[in-house]
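Predicted model only: the values in this text are computed from it and were never measured.
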Amino acid sequence: MAISQDLVPEKNVKIIIKDTESDSETALEQLKELDEMGIKIVIGPQSSNEAEAVLDYATRNGIILLSTASTAPSLAVSDDNLFRLVPDDTNQGIVLARLMTNEGIGTVIPMYRSDIWGKGLADEVEKSFEALNGTVLDGVKYESENANLSAEVEELNEKVIAATSENDKESVAVLLCSYGEVTEIFDLAGTILPCQKSAGMALTVWR
């Protein structure tokens with residue numbers, strides 16, 4: 001990082017990097033280490049889960065957090081020390097709801113991470129989609145630490161079959177609020193397609 005001496009005369013900037021490993025507990029431990037070093041301005045953490053984990057400590061200890069990607073609406077707390085550089089998921093909920101409505105989707109089945117980001121985004125989409133006269137069915141939540149999501153994908157498949165039996169198949173969509181585990185979910189969805197009663201999954205729009 002280069003800073004003009006005209007802007008900051010006779011000052012050196014030292015950058016300390018800490019890897020949170022996208023883990024909430026690690027993020028808090030790393031923030032405490034930075035605090036012990038006397039650092040009071042932190043760029044990060046990135047995710048909503050990490051931001052939630054460190055926010056109370058940061059606010060109580062006068063540490064400014066600049067998060068580049070935490071979008072959970074519930075993190076919009078007054079008089080705290082978290083400054084987010086992106087819009088929250090209230091906006092994404094509105095846009096996704098409009099997109100699905102414009103594409104003729106009338107019924108949505110959410111599948112989402114059981115955390116502050118996944119549940120928050122699913123809730124925002126539901127609120128906006130129902131305001132546009134859409135229907136949001138009971139969804140499937142999953143724990144991100146779960147190494148095997150086959151049971152959850154099977155549950156989703158059953159919900160898709162039920163929804164497509166009662167509605168036009170092209171009007172049913174799955175809303176997937178996921179991180180890297182999305183690849184496993186898609187792989188599992190492809191694996192169960194040849195199985196009995198799984199045709200609904202193949203005919204469903206994913207969002």
Side-chain angles (χ1 to χ4, degrees), residues 20-24 26 45-52 68-73 86-130 132 134-207:
T20 66
E21 301 176 357
S22 299
D23 178 75
S24 299
T26 303
Q46 181 171 348
S47 73
S48 297
N49 298 325
E50 296 167 83
E52 179 188 37
T68 61
S70 59
T71 56
V86 291
D88 70 29
D89 284 331
T90 302
N91 300 276
Q92 187 172 185
I94 294 171
V95 171
L96 285 173
R98 289 176 178 172
L99 172 65
M100 291 188 292
T101 299
N102 291 340
E103 292 187 347
I105 302 300
T107 302
V108 172
I109 307 168
M111 183 175 189
Y112 55 91
R113 292 168 61 101
S114 182
D115 58 24
I116 185 175
W117 172 77
K119 181 66 165 60
L121 178 55
D123 286 346
E124 290 299 325
V125 174
E126 178 176 359
K127 179 172 62 177
S128 296
F129 193 63
E130 289 182 343
L132 296 172
T135 299
V136 179
L137 303 178
D138 289 339
V140 178
K141 64 180 180 180
Y142 64 90
E143 300 297 331
S144 58
E145 297 83 5
N146 190 349
N148 187 343
L149 296 174
S150 57
E152 288 82 357
V153 174
E154 288 284 1
E155 180 183 357
L156 176 64
N157 186 53
E158 293 300 320
K159 290 179 179 292
V160 168
I161 291 169
T164 53
S165 68
E166 298 177 359
N167 302 276
D168 178 60
K169 291 180 174 59
E170 294 184 356
S171 71
V172 177
V174 171
L175 171 70
L176 184 56
C177 305
S178 181
Y179 285 175
E181 64 273 8
V182 65
T183 54
E184 180 190 356
I185 292 171
F186 282 156
D187 285 344
L188 288 168
T191 299
I192 67 173
L193 286 177
C195 299
Q196 59 177 350
K197 299 194 304 180
S198 63
M201 195 79 85
L203 298 173
T204 302
V205 177
W206 292 74
R207 286 288 176 262

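- Residues Y142 and I185 have side chains in contact (heavy-atom distance under 4.5 Å, counting atoms from C-beta outward).
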Inset, instruction - Determine, step by step, whether D123 and K119 satisfy the salt bridge (charged side-chain N to carboxylate O under 4.0 Å, His left out) criterion, reporting the C-alpha distance in whole Å, the side-chain angles of both residues, the deciding distance to 0.1 Å, and the verdict. - result: CA-CA 6 Å; D123 286 346; K119 181 66 165 60; 2.9 Å; yes

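- Atom CD of E155 sits in a crowded spot, with more than 12 heavy atoms from other residues, nucleotides or ligands closer than 6.0 Å.
- At most 12 heavy atoms of other shown residues, nucleotides or ligands fall within 6.0 angstrom of atom CG in D138.
- Here the closest heavy-atom approach between residue T71 and residue P87 is recorded as CG2-O, 3.5 Å.
- Side-chain contact between S128 and L96 is absent, with no heavy atoms from C-beta onward closer than 4.5 Å.
- Side-chain contact check for E50 versus T26: every heavy-atom pair is 4.5 Å or farther apart.
- Side-chain N or O atoms of S48 include one that pairs as donor or acceptor with a backbone N or O of A72 at under 3.5 Å.
- Closest approach of A122 and C177 over heavy atoms only: N-SG, 4.1 Å.
- Put simply, the side chain of P73 reaches to within 4.5 Å of the side chain of E124, judged on heavy atoms.
- For the atom pair CG of L132 and CD1 of I105, the computed distance is 13.0 Å after rounding to the nearest 0.5 Å.
- L149 CG to S178 OG: the interatomic distance, rounded to the nearest 0.5 Å, is 8.0 Å.
- In this structure, D23 contributes its side chain and T20 its backbone to no donor-acceptor pair below 3.5 Å.
- A 4.5 Å side-chain heavy-atom check between E152 and N146 finds at least one atom pair inside the cut-off.
- Between the side chains of N49 and S47, not a single donor N or O lies within less than 3.5 Å of an accepting N or O.
- Contact of the V125 side chain with the L121 side chain is registered, since non-hydrogen atoms from C-beta on lie closer than 4.5 Å.
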